[in-house]
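Have a look at the structure below before the remarks.
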Amino acid sequence: MERLRFDDRPYTKAKGAVFIFLEQIQEVNDIKKIDRKDLPALAQEIRDFLIEKISETGGHLASNLGVVELTMALHLSLNLPQDKLIWDVGHQSYTHKILTGRKDGFDQLRKYGGMSGFPKRKESDCDAFDTGHSSTSISAGLGYVCARDIQGEDYHVVSVIGDGALTGGMAYEALNNAAQLKTNFIIVLNDNNMSISENVGGISAYLGNIRTAESYTRFKSDLEQKLNRIPVYGDPLVRGLRRTKQGIKQLVVPGMFFEEMGLTYLGPIDGHNIAQMQRVFNDAKRTKGAVLVHVVTKKGKGYEPAERMPARFHGTEPFDPETGLPLARKKKAAYTDIFSTVMCKMGAREPKLVAVTAAMPDGTGLKRFRNMYKDRFFDVGIAEGHAVTFAAGLAAGGLKPVVAVYSSFLQRAYDQIIHDVCIQNLPVVFAIDRAGLVGSDGETHQGIFDLSYLSEMPNMCVMAPKNKWELADMLKYAIAYDGPIALRYPRGEAFDGLEDFREPIVYGKSEIIYDECSLALVAVGSMVKTALEVRRLLKTLGYACTIVNARFVKPIDEDMLAYLAKDHRLVVTMEENVRSGGFGEKVLEYYSDTCTDLRVMQIALPDDYIEHGNVELLKKETCIDAESIFKKIVAEYLP
């Protein structure tokens with residue numbers, strides 16, 4: 001059927017329609033065989049393909065639609081895999097994967113055993129660096145440049161970084177270092193005025209001023225057009241002006257931040273104009289030293305629902321491509337929703353309660369709190385380390401800060417938690433979302449280390465709720481607690497079982513749900529639900545089974561463990577965290593120190609990085625699902 005323009009009609013491309021130009025892309029550099037006049041049609045086909053596939057599998061849509069032409073221009077300008085192309089975060093690498101011959105992998109995108117949603121070196125030689133977290137690409141690219149120069153090799157290195165990632169301090173550490181280079185290094189700033197949520201802070205305002213400097217942009221464009229009309233000499237003059245560090249832009253936009261750091265700045269340029277980007281990239285390749293190419297794109301480009309709601313289409317579940325509406329059934333309240341509701345209620349009761357997020361007010365559930373208590377909400381941008389130390393300052397100043405963050409992103413603030421919060425014993429609450437297995441985003445996003453690294457910190461208290469009511473109770477307890485405290489909870493629907501088991505939260509005390517004998521399951525947080533199913537399976541064989549909801553990972557409830565030792569011969573610890581340094585090790589250490597002959601069986605995730613896939617499938621593969629635990633208990637410990 002006729003191809004429709006996204007900007008004036010709904011998306012109605014026929015499912016399974018033939019892609020004329022896309023089919024010619026079978027391996028890396030095939031794009032260079034496409035006639036220049038057909039490149040816009042290829043860009044449209046790539047967008048059609050992405051919308052069709054991601055509507056079925058889910059994935060990162062808006063960010064990928066925004067960089068189609070940018071990726072094409074980079075592939076046309078570079079010689080992959082010899083040249084190195086590094087994507088910051090990497091969730092915008094889908095077009096890159098298509099242009100490197102991985103189009104057929106999109107049917108299994110982010111599924112167990114299938115293609116990753118992020119760059120993976122083991123997947124392709126064209127993926128120069130594994131990514132998943134923000135603000136890393138410049139550092140990695142700079143490392144490549146130095147390795148290239150030391151070994152006398154000859155290739156180009158390009159690091160792509162978004163304007164949202166520039167709020168991360170690591171990016172500036174790398175820029176400061178890159179300014180000393182005498183050899184070529186290209187940094188592409190993909191400026192779409194968005195990270196996951198809208199950007200905040202001075203860098204966003206600064207880039208906005210550059211984008212809207214119409215006098216500069218118009219003056220530069222007019223001058224280039226006039227110079228290009230000069231026979232023979234026009235084009236060299238334009239290239240020379242672009243390469244001049246103290247060029248025309250300094251006359252119109254004084255105090256250019258990047259140039260004052262020591263980088264050559266080119267831009268801003270239209271990130272959807274392939275020919276213009278190719279010209280600038282070719283100029284950038286001839287520049288000695290580090291050069292930053294400022295490219296302006298539109299997140300969600302070409303698909304009206306994603307353009308209108310880029311945050312919703314950042315990471316999306318399967319949806320109807322014609323309407324953009326999700327296909328999934330209406331779900332129960334998620335743990336994030338419960339956290340959001342309680343924060344809003346506590347905000348009314350506690351005037352000193354403040355909330356801090358690192359560029360994720362929507363994902364962490366703080367959007368409602370922001371709307372209700374604007375003056376007590378702080379979005380610091382993609383800067384987790386700063387978020388934690390900032391919260392420490394808030395606490396030292398007499399407020400009660402709650403830092404809402406994903407488990408895998410909190411890793412980026414490890415030192416700040418120890419040095420700035422725990423050493424001073426400051427009352428900062430860490431609300432840790434997406435703890436445990438998160439699924440499709442894979443190794444870089446699984447929240448499987450927090451119990452280990454948090455519980456080793458002196459002064460830190462660590463809790464995990466068994467269900468939605470306990471999350472509410474624990475959050476209230478944490479807000480009243482006088483010291484560093486972490487509350488970790490999983491992604492997805494909140495467990496609503498065991499409603500009648502709601503004993504008050506007491507520091508360091510666990511909760512007995514079923515008290516029998518012989519065998520005890522001591523479960524942490526999300527694993528309580530799994531323990532109930534294991535108990536049911538054991539009951540079918542006639543075995544009695546105690547279930548303990550640990551509640552606290554630090555401190556562990558030694559009184560409870562001593563009680564279990566009296567009439568149980570096997571204690572099974574259950575946690576959705578790596579084995580090393582986790583809850584099970586602490587229980588095992590306790591029983592070892594008390595010289596009891598009671599046996600301990602640890603159920604935990606392997607000390608490894610766990611790939612992408614459906615969470616339930618990953619639990620089965622890592623043997624922390626109910627059936628696997630039941631079989632292990634029967635095979636190894638029961639007569």
- Message: Check Asp130 with Arg121, please: is the shortest side-chain N to carboxylate O separation under 4.0 Å?
- Response: no
- side chain to side chain donor-acceptor pair (under 3.5 Å) filter on Ser77, not counting sequence neighbours, yields none
- Just checking, Arg376 and Tyr373: is the charged tip under 6.0 Å from the six-membered ring centre and within 45° of the axis? yes
- Residues which pass salt bridge (Lys or Arg N to Asp or Glu O under 4.0 Å) with Lys84, listed by chain and number, not counting sequence neighbours: none
- Scan for salt bridge (charged side-chain N to carboxylate O under 4.0 Å, His left out) pairs involving residues 166-175, sequence neighbours excluded, and state none if there are none. none
- Message: Tell me every residue that passes side chain to side chain contact (heavy atoms under 4.5 Å, CB included) with Pro490, counting only those two or more places apart in sequence or in another chain.
- Response: Tyr335, Ser526
- Query: Given the rule in the side chain to side chain donor-acceptor pair (under 3.5 Å) test, do Thr131 and Asp88 qualify, once you have shown the distances and angles that lead to the verdict?
  - Reply: CA-CA 7 Å; Thr131 48; Asp88 201 271; over 6 Å; no
- Message: Holding to ring-ring contact (aromatic ring centres under 6.0 Å, His included), I want the full list of residues that pass it with Phe377, two or more places apart in sequence or in another chain.
- Response: none
- Criterion side chain to side chain donor-acceptor pair (under 3.5 Å) on His445 and His612, from CA distance to verdict: CA-CA 9 Å; His445 284 62; His612 53 276; over 6 Å; no
- Message: According to side chain to side chain donor-acceptor pair (under 3.5 Å), who are the partners of Asp420, at least two apart in sequence or on a separate chain?
- Response: Thr389
- Message: Among residues at least two apart in sequence or on other chains, which ones pass ring-ring contact (aromatic ring centres under 6.0 Å, His included) with Tyr155?
- Response: none
- salt bridge (Lys or Arg N to Asp or Glu O under 4.0 Å) filter on Arg102, not counting sequence neighbours, yields Glu123, Asp127
- Message: Suppose we screen for ring-ring contact (aromatic ring centres under 6.0 Å, His included). Which residues come up paired with His60, at least two apart in sequence or across chains?
- Response: His91, Phe118, His314
- List for me each residue that meets side chain to side chain donor-acceptor pair (under 3.5 Å) alongside Asp83, sequence neighbours excluded, and say none if there are none. none
- Answer whether the closest heavy-atom distance between the side chains of Leu42 and Met72 falls below 4.5 Å. yes
- Task: For residues 63-72, pull every pair meeting salt bridge (charged side-chain N to carboxylate O under 4.0 Å, His left out), keeping only residues two or more places apart or in separate chains.
- Result: Arg47-Glu69
- Message: Applying side chain to side chain donor-acceptor pair (under 3.5 Å) to Asp433 and Thr364, what does each step give before you reach the verdict?
- Response: CA-CA 7 Å; Asp433 204 334; Thr364 60; over 6 Å; no
- Output all residues satisfying ring-ring contact (aromatic ring centres under 6.0 Å, His included) with Phe378, sequence neighbours left out; order by chain, then residue number. Phe390
- Message: Using the rule side chain to side chain contact (heavy atoms under 4.5 Å, CB included), only one of Val160, Leu292, Ile161, Leu189 pairs with Ile138; which is it?
- Response: Ile161
- Salt bridge check: are Arg434 and Glu576 linked by an N-O gap of less than 4.0 Å? no
